[in-house]
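Working notes, beginning with the structure itself.
Fair warning: this is a prediction, and the values are worked out from it, not measured in the lab.
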Amino acid sequence: MSAQYDPQWLDSMYNNRALVPEHAEHFRRWAAWSADATRSQQRELDVRYGGGPNEHLDIFPAAPQSGAPVLVFIHGGYWRSLDKRDHAFVAPPFTREGACVVIPNYALCPAVTVPQIVLQMVQALAWTWRNIRKFGGDPERITVVGHSAGGHLAAMLLACDWQAHARDLPAGLVRRALSISGLFDLEPIMHTPFLQADLQLTAEHVRLASPALLPPPAQGTLATVCGGAESEEFVRQNRLIRHAWGERVGPVCEELPGLNHFSVLEALVEPGHRLQQVALELLRSE
């Protein structure tokens with residue numbers, strides 16, 4: 001077995017909670033910030049986008065009839081943990097800039113597979129495109145932002161064949177995505193013991209749901225970042241998608257100094273931080 005697929009080494013590369021001993025403090029901060037955001041922001045909670053498990057989303061609307069850009073944020077948790085309610089803190093910095101923010105949930109492994117979660121997110125984005133005008137959003141200006149597993153899902157949505165999913169959907173439903181510490185090749189994940197027990201990835205799942213193994217999107221932009229203090233595998237994954245899809249699709253591919261797998265998400269909501277600037281540039285682009 002090559003070093004790349006040595007189980008102990010893979011666990012050491014991908015177990016972010018072990019790599020960041022203070023991870024629980026990050027989670028406590030997110031929960032407190034999210035509770036404040038939910039209390040203080042206009043919101044529509046637990047709106048159904050489908051009939052399956054966890055197929056609901058939270059909306060932080062823009063002014064009525066404003067035609068605001070739409071930011072859809074997809075949470076991480078290795079497809080097996082966390083929840084949209086833990087991530088409402090992402091909304092305020094962008095609603096203050098006039099955006100409409102949507103935070104979807106999805107079912108978690110092992111109750112579902114990773115490809116099934118991808119299809120749930122396709123449904124969530126289709127619902128958003130069809131309905132977001134009622135919440136002040138412009139369906140032609142959707143940007144998807146995701147963290148970790150959510151970064152993987154954001155890339156999958158950029159690569160989606162929307163018209164194969166439903167004829168009423170435009171080919172360019174998602175044309176802008178930002179992946180924060182995303183995962184783009186699932187093969188090493190399939191060999192990572194602490195994850196595989198829940199994810200139950202197969203070679204077919206890896207083939208279907210690894211963005212780096214899919215053709216580059218015909219249109220659209222994917223910005224990718226990770227923390228400079230993350231493991232070498234997360235840095236490799238961040239660079240991998242740029243290599244696979246090219247600079248046309250991936251003009252931004254950066255490691256943000258000093259940030260770990262959890263503090264990098266907090267940079268998204270820090271005024272003036274490079275990561276927030278990247279998100280706002282995507283959101284404001286036509």
Side-chain angles (χ1 to χ4, degrees), residues 34 38 43-62 68-88 90-91 94-95 99-109 111-180 182-183 208-209 211 217 220 222 268 279 282-283:
S34 292
T38 303
R43 72 275 183 197
E44 296 279 346
L45 302 180
D46 296 322
V47 178
R48 274 280 171 190
Y49 67 80
N54 282 27
E55 290 183 351
H56 46 268
L57 47 80
D58 295 342
I59 304 166
F60 297 84
V70 179
L71 186 146
V72 177
F73 178 82
I74 306 175
H75 74 78
Y78 273 133
W79 308 276
R80 65 178 189 166
S81 67
L82 303 182
D83 188 272
K84 63 179 173 55
R85 69 175 176 270
D86 307 315
H87 295 81
V90 170
F94 298 99
T95 57
C100 175
V101 177
V102 177
I103 306 180
N105 247 7
Y106 48 88
L108 301 174
C109 299
V112 293
T113 66
V114 171
Q116 286 172 323
I117 293 172
V118 173
L119 290 175
Q120 284 188 297
M121 290 298 90
V122 169
Q123 280 189 277
L125 269 290
W127 186 97
T128 300
W129 184 83
R130 292 170 180 141
N131 293 278
I132 205 63
R133 286 192 194 278
K134 292 181 281 190
F135 302 93
D138 180 352
E140 308 305 322
R141 299 173 67 198
I142 294 173
T143 298
V144 179
V145 179
H147 174 238
S148 196
H152 158 266
L153 294 165
M156 291 297 293
L157 291 168
L158 191 69
C160 180
D161 183 348
W162 293 98
Q163 292 180 314
H165 177 69
R167 290 185 180 180
D168 66 310
L169 301 176
L173 194 155
V174 173
R175 289 181 287 113
R176 293 171 293 274
L178 167 59
S179 180
I180 303 166
L183 297 154
L208 290 173
L222 175 69
L268 181 66
L282 287 169
L283 201 59

Test side chain to side chain contact (heavy atoms under 4.5 Å, CB included) applied to Ile74 and Met121, step by step: CA-CA 9 Å; Ile74 306 175; Met121 290 298 90; 3.9 Å; yes
Could you go through Cys160 and Val118, starting from their C-alpha distance and side-chain angles, then the distance that decides it, and tell me whether this counts as side chain to side chain contact (heavy atoms under 4.5 Å, CB included)? CA-CA 10 Å; Cys160 180; Val118 173; over 6 Å; no
Between [X] and [Y], which heavy-atom pair has the shortest distance, and what is it?
| X | Y | value |
| --- | --- | --- |
| Ala99 | Leu283 | CB-CD2, 3.7 Å |
| Ala149 | Leu183 | N-CD1, 4.5 Å |
| Pro104 | Val72 | CD-CG1, 3.9 Å |
| Val114 | Ala209 | CG1-CB, 4.3 Å |
| Gly136 | Ala62 | O-CB, 3.9 Å |
| Pro139 | Gly137 | CD-O, 3.5 Å |

Quick one, Leu268 with Phe73, criterion side chain to side chain contact (heavy atoms under 4.5 Å, CB included). Give me CA distance, side-chain angles, the key distance, then yes/no. CA-CA 11 Å; Leu268 181 66; Phe73 178 82; 4.2 Å; yes
Within the structure provided, determine whether [X] and [Y] are in side-chain contact (heavy-atom separation under 4.5 Å).
| X | Y | answer |
| --- | --- | --- |
| Ile59 | Cys100 | yes |
| Arg130 | Asp168 | yes |
| Asp58 | Val102 | no |
| Pro69 | Thr143 | no |
| Gln123 | Glu55 | yes |
| Phe135 | Val101 | no |
| Pro211 | Leu158 | no |
| Leu57 | Thr128 | yes |

If only atom types and distance count, is the side chain of [X] paired as donor or acceptor with the main-chain N or O of [Y] below 3.5 Å?
| X | Y | result |
| --- | --- | --- |
| Tyr78 | Ser148 | no |
| Tyr49 | Asn105 | yes |
| Glu140 | Gly172 | no |

Salt bridge check, Asp46 against Lys84: does any charged N sit closer than 4.0 Å to a carboxylate O? yes
To the nearest 0.5 Å, tell me how far [X] [atom1] sits from [Y] [atom2].
| X | Y | atom1 | atom2 | result |
| --- | --- | --- | --- | --- |
| Asp83 | Tyr106 | CG | OH | 9.5 Å |
| Ile103 | Arg43 | CD1 | CZ | 12.5 Å |
| Arg175 | Leu282 | CZ | CG | 11.5 Å |

Exceeds 12 heavy-atom contacts within 6.0 angstrom, atom [atom1] of [X]:
| X | atom1 | answer |
| --- | --- | --- |
| Arg85 | CZ | no |
| Glu44 | CD | no |
| Arg167 | CZ | no |

Which of these, Leu169, Leu173, Ile132, sits in a side-chain contact (heavy atoms from CB on, under 4.5 Å) with Leu125? Leu173
Going by the angle between their ring planes, with limits at 30° and 60°, are Trp79 and His152 parallel, tilted or perpendicular? perpendicular
Applying side chain to side chain contact (heavy atoms under 4.5 Å, CB included) to Val47 and Asn131, what does each step give before you reach the verdict? CA-CA 11 Å; Val47 178; Asn131 293 278; over 6 Å; no
